[in-house]
2 protein chains.
Amino acid sequence: MKRTQISLLAVATLLAAPALAEDAALREEAKGLFEVIPMQAPQLADNNTVTRDKIDLGAMLFFDPRMSKSGVFSCQSCHNVGLGGVDGLETSIGHGWQKGPRNAPTALNAVFNVAQFWDGRAPDLAAQAKGPVQAGVEMNNTPENLVATVQSMPGYVEAFAKAFPGQKDPISFDNFALAVEAFEATLITPNSKFDQWLMGADGAMSADEKAGLKLFIDTGCAACHNGINIGGNGYYPFGVVEKPGAEVLPAGDKGRFAVTATADDEYVFRAGPLRNIALTAPYFHSGKVWDLREAVSVMANSQLGATLDDTQVDQITAFLGTLTGEQPEVVHPILPVRSAQTPRPEHMN
Amino acid sequence: MKRTQISLLAVATLLAAPALAEDAALREEAKGLFEVIPMQAPQLADNNTVTRDKIDLGAMLFFDPRMSKSGVFSCQSCHNVGLGGVDGLETSIGHGWQKGPRNAPTALNAVFNVAQFWDGRAPDLAAQAKGPVQAGVEMNNTPENLVATVQSMPGYVEAFAKAFPGQKDPISFDNFALAVEAFEATLITPNSKFDQWLMGADGAMSADEKAGLKLFIDTGCAACHNGINIGGNGYYPFGVVEKPGAEVLPAGDKGRFAVTATADDEYVFRAGPLRNIALTAPYFHSGKVWDLREAVSVMANSQLGATLDDTQVDQITAFLGTLTGEQPEVVHPILPVRSAQTPRPEHMN
């Protein structure tokens, strides 16, 4: 009986050998292109020291709708930690029911992006955090009103003092942004099937998913979508080979051109980071494509001039599904109680 | 040395004796009027069996903005577990930036109210949960669209099957409401200073707070604000003795009259539950009073014809502060991923 088992195992090993060799080669190639999401939040340049107190403060600020002028919207409204770090809308709804210009990018793993926003106009998450709170179509607040709001609540006064020890005036718009950044840097999603496979767990990806990875590399997707976030680390024109239709690529949004005022940057956007992409429909900066398969086809066509057959689209989509990692477990913070000095919410203007 | 200590202790005991006797009498009186919030969620009539699976499903539904037509608002939007179970607005902002007619009541300890809404038109939290999702000025959804949304997501299909085992069609609007109710019943805030004192911890309340409690009883507040939620268990006209100004009591909102069509019920509202009242400004159904001290004065004047001096108002306000309990610790749920069949958010109508 024991001998039979051994010989069956030997046969199975023999049959599996070519597949394993292919796997090993694919893994080596993938390791040259991609990186694994770490289990712990990374160090942050220009945000020292990140303490538990700073992260906790950041969580409060991230979840606090009183950071908006109306008292209705928080960072969490558009970067919902329960929805893959997005809001699931084409473009976000903000102050006065205005519709924002671009699809909300995910906050998950955003710390690993080269820069923030679709056009990369913020170099880091701290700079990013200052944008939406001031944007008229989003939270419509001012730094002054935000600081006054925080300053008015003893709970925040204490939390800022703990998060920024030794500072004479710990409450500032800059420190607001640093605390939010410290919290957001914890919103990482390790242990995706892809990462497990990349680290050596052969069974973590199915044959179709691995075929999709191979196609993702061979078709050219990985030329832009690489690195730790499988994207999010470089700028590329949308429509390299063929411009998608005006609905998907509205003529009025020239992307990074607004940041650099360089003709070459017309319709240039940061390559979308593809971590957890299966959770973050709708797609593209316009949010006009709801189906991930369709998004894959549009990309292949417009960026690479490739026409994929249904099986290829399915396989790449299956691969993209392996990029869903463990979602962050966040205890909803208890927010400081307002005081008589706290500015009241204003929704009329 | 030891003898000196003993005799000092004896003197201290002697001096404290009258105060302790007063405390004991006040506690006995208070025990006849109020009840302690339990550590565990209570049993729910008509919602058997409440399992962890049902509570977890309820948490997902409570936090899911896709339960609204626009994809913008969830139960959590107006009953924020980090803000004392309210939104901190005069009246809530809903679909299309519409302003709701009444201040959002807290979801915390709501399970202990005799009925839900300011006018008590829903007998329990399950019935309540069906209201805002359908209200045009709130989530503006339909039961059909909500059920279709839930049905479209495999994550919800599985969660409903687990929460309602053995049912042929576990996904229904009724079961949506039962799951939300099961979750909301966990949002209780035990161990307030008042409850600790009521259970015998003499040091849990200060002298001012106890004086406030005594005034709260003796002035007549406890005639309506009693029971486990210090209110929330009966209906009373707003302005028994003197109608407050039109801003605080707008003429157009006749309260429970809309439920019963009985002339006696004009301007009748459920007595506000006062648990965590220090966290839930602004006050009254109109949300027009931001200062708890002012709310105390308005109530004393309009309901009891009493004019309180500043010290009395301070003491009652101090007592109300002891009603803040341990806030619920809620892990933000990870929400099911949408599918191609999931109805898309609509914000335009």
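Per chain, numbering begins at 1; letters A, B, ... match sequence-line order. Just so it is clear, the model here is predicted, and its values are computed rather than measured.
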* Asked: Any side-chain heavy-atom pair from A:Arg66 and B:Leu83 closer than 4.5 angstrom?
  -> yes
* Are A:Ile93 and B:Pro345 close enough that some pair of their side-chain heavy atoms sits under 4.5 Å apart? -> no
With only heavy atoms counted, which part of [X] is less than 4.5 Å from chain B, the side chain, the backbone, both or neither?
{"X": "A:Pro333", "value": "backbone"}
{"X": "A:Arg293", "value": "neither"}
{"X": "A:Asp291", "value": "neither"}

* Side chain from CB out, backbone as N, CA, C, O: work out which of these in B:Gln76 comes under 4.5 Å of a heavy atom of chain A, or both, or neither. => side chain
* To do: Check whether B:Ser70 gets within reach of chain A through its side chain, its backbone, both or neither, counting any heavy atom under 4.5 Å.
  => both
* Considering all heavy atoms of both residues, which atom of A:Ile334 and which atom of B:Val81 are nearest to each other, and what is their separation? -> CD1-O, 3.7 Å
* Return the minimal non-hydrogen interatomic distance between A:Ala281 and B:Arg338, and the atom names on each side. => CB-CD, 4.2 Å
* Asked: From B:His332 NE2 over to A:Gln327 CD, what is the distance, rounded to the nearest 0.5 angstrom?
  -> 12.0 Å
* Which residue out of B:Val331, B:Leu279, B:Val337, B:Thr342 racks up the most heavy-atom pairs below 4.5 Å with chain A? -> B:Val331
* Asked: Can you list the steps and then say if A:Trp97 with B:Val72 is a side-chain contact (heavy atoms from CB on, under 4.5 Å)?
  -> CA-CA 10 Å; A:Trp97 211 245; B:Val72 172; 4.1 Å; yes
* Top residue by heavy-atom pair count (under 4.5 Å) with chain B, among A:Gly96, A:Pro328, A:Ser339? -> A:Gly96
* To do: Determine the option with the most heavy-atom pairs under 4.5 angstrom with chain B, choosing from A:Glu329, A:Lys99, A:Arg344.
  => A:Arg344
